[in-house]
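See below for the structure under consideration.
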Amino acid sequence: MAAAFVYCIYLAINHPETSPGPAQSLNDYTPVIYVVAASMCMYYVFLFYQSYTTFDELQKARKAFRDKKTKEAPDIKQIKYGVENVNVVAANRTAGNYTEQLVPFLLGLYFYSTYVSVQGAVKWGWVW
């Protein structure tokens, strides 16, 4: 995913300049598509991190149980859906917040490039 993200940036940098105004044809949306592809790559990075964190914390809890540091055997449901583990909650909130913000971001990106400026939409899309 990181390689795909970097490749999107590479394509965006090497793309020829677009007109300063709103999009007039489908080809004018090409830089916007690079931003959308990069944001989708980031979305999957956050989802993979969410799963990785859950299984990593489960492994740590199992090791603590084997070393007799905890009395209760860990359960995947307890780790994944519980609120005791700060790392899992942070990973869940990261993926959740990004999911909540992605739809307004994509709509704003599309509308800005359609009615105001493709260059401005791309600039603010990469900043976001």
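A single hydrophobic cluster is seen to contain both Y34 and Y44, as judged by linkage of ILVMFWY side chains at heavy-atom distances under 4.5 Å, directly or through other members. Under the 4.5 Å side-chain contact rule for hydrophobic residues, Y110 and L107 share a cluster.
Closest non-hydrogen pair, N27 versus T30, comes out as O-OG1, 2.9 Å. When all heavy atoms of P31 and V122 are compared, the closest pair comes out as CB-CG2, 3.5 Å. Annotation for G120 and Y112: closest pair C-CE2, 3.6 Å, computed over non-hydrogen atoms. For the pair S113 and V118, the tightest heavy-atom approach, listed with the atom from each and the gap, is O-CG2, 3.6 Å. The minimum heavy-atom distance linking E84 with Q78 is given by the pair OE1-O, 4.2 Å.
For the side-chain hydrogen bond (donor to acceptor under 3.5 Å, both in side chains) test, residues two or more places apart in sequence or in another chain that qualify with Y29 are T114.
Judged by distance alone, with hydrogens and angles left aside, the side-chain atoms of Q24 form a donor-acceptor pair with the main-chain N or O of P22 at under 3.5 Å. Between the D28 side chain and the S25 main chain, a donor and an acceptor come within less than 3.5 Å of each other.
The distance from atom CH2 of W124 to atom CG of L109, rounded to the nearest 0.5 Å, is 13.0 Å. To the nearest 0.5 Å, atom CE of residue M40 and atom CD1 of residue I33 are 13.0 Å apart. Note that NZ of K123 is 8.5 Å distant from OG of S117, once rounded to the nearest 0.5 Å. Rounded to the nearest 0.5 Å, atoms NZ (K80) and CG (L58) are 11.0 Å apart.
Within the structure, every pair that satisfies the ring-ring contact (aromatic ring centres under 6.0 Å, His included) test and touches residues 88-109, not counting sequence neighbours, is listed here: F46-Y98, Y98-W128, F105-W128.
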What donor-acceptor contacts under 3.5 angstrom involve side-chain atoms of residues 48-56, with partners at least two apart or in another chain?
residue	atom	partner	partner atom	Å
Q50	NE2	N92	OD1	2.7
T53	OG1	Y49	O	2.8
T54	OG1	Q50	O	3.1

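With salt bridges taken as basic N to acidic carboxylate O contacts below 4.0 Å, none links E57 and R62.
For Q101, the CD atom is densely surrounded, since the number of other residues' heavy atoms within 6.0 Å is greater than 12.
For the pair L102/L106, a side-chain contact is recorded, criterion being any heavy-atom separation below 4.5 Å from C-beta on.
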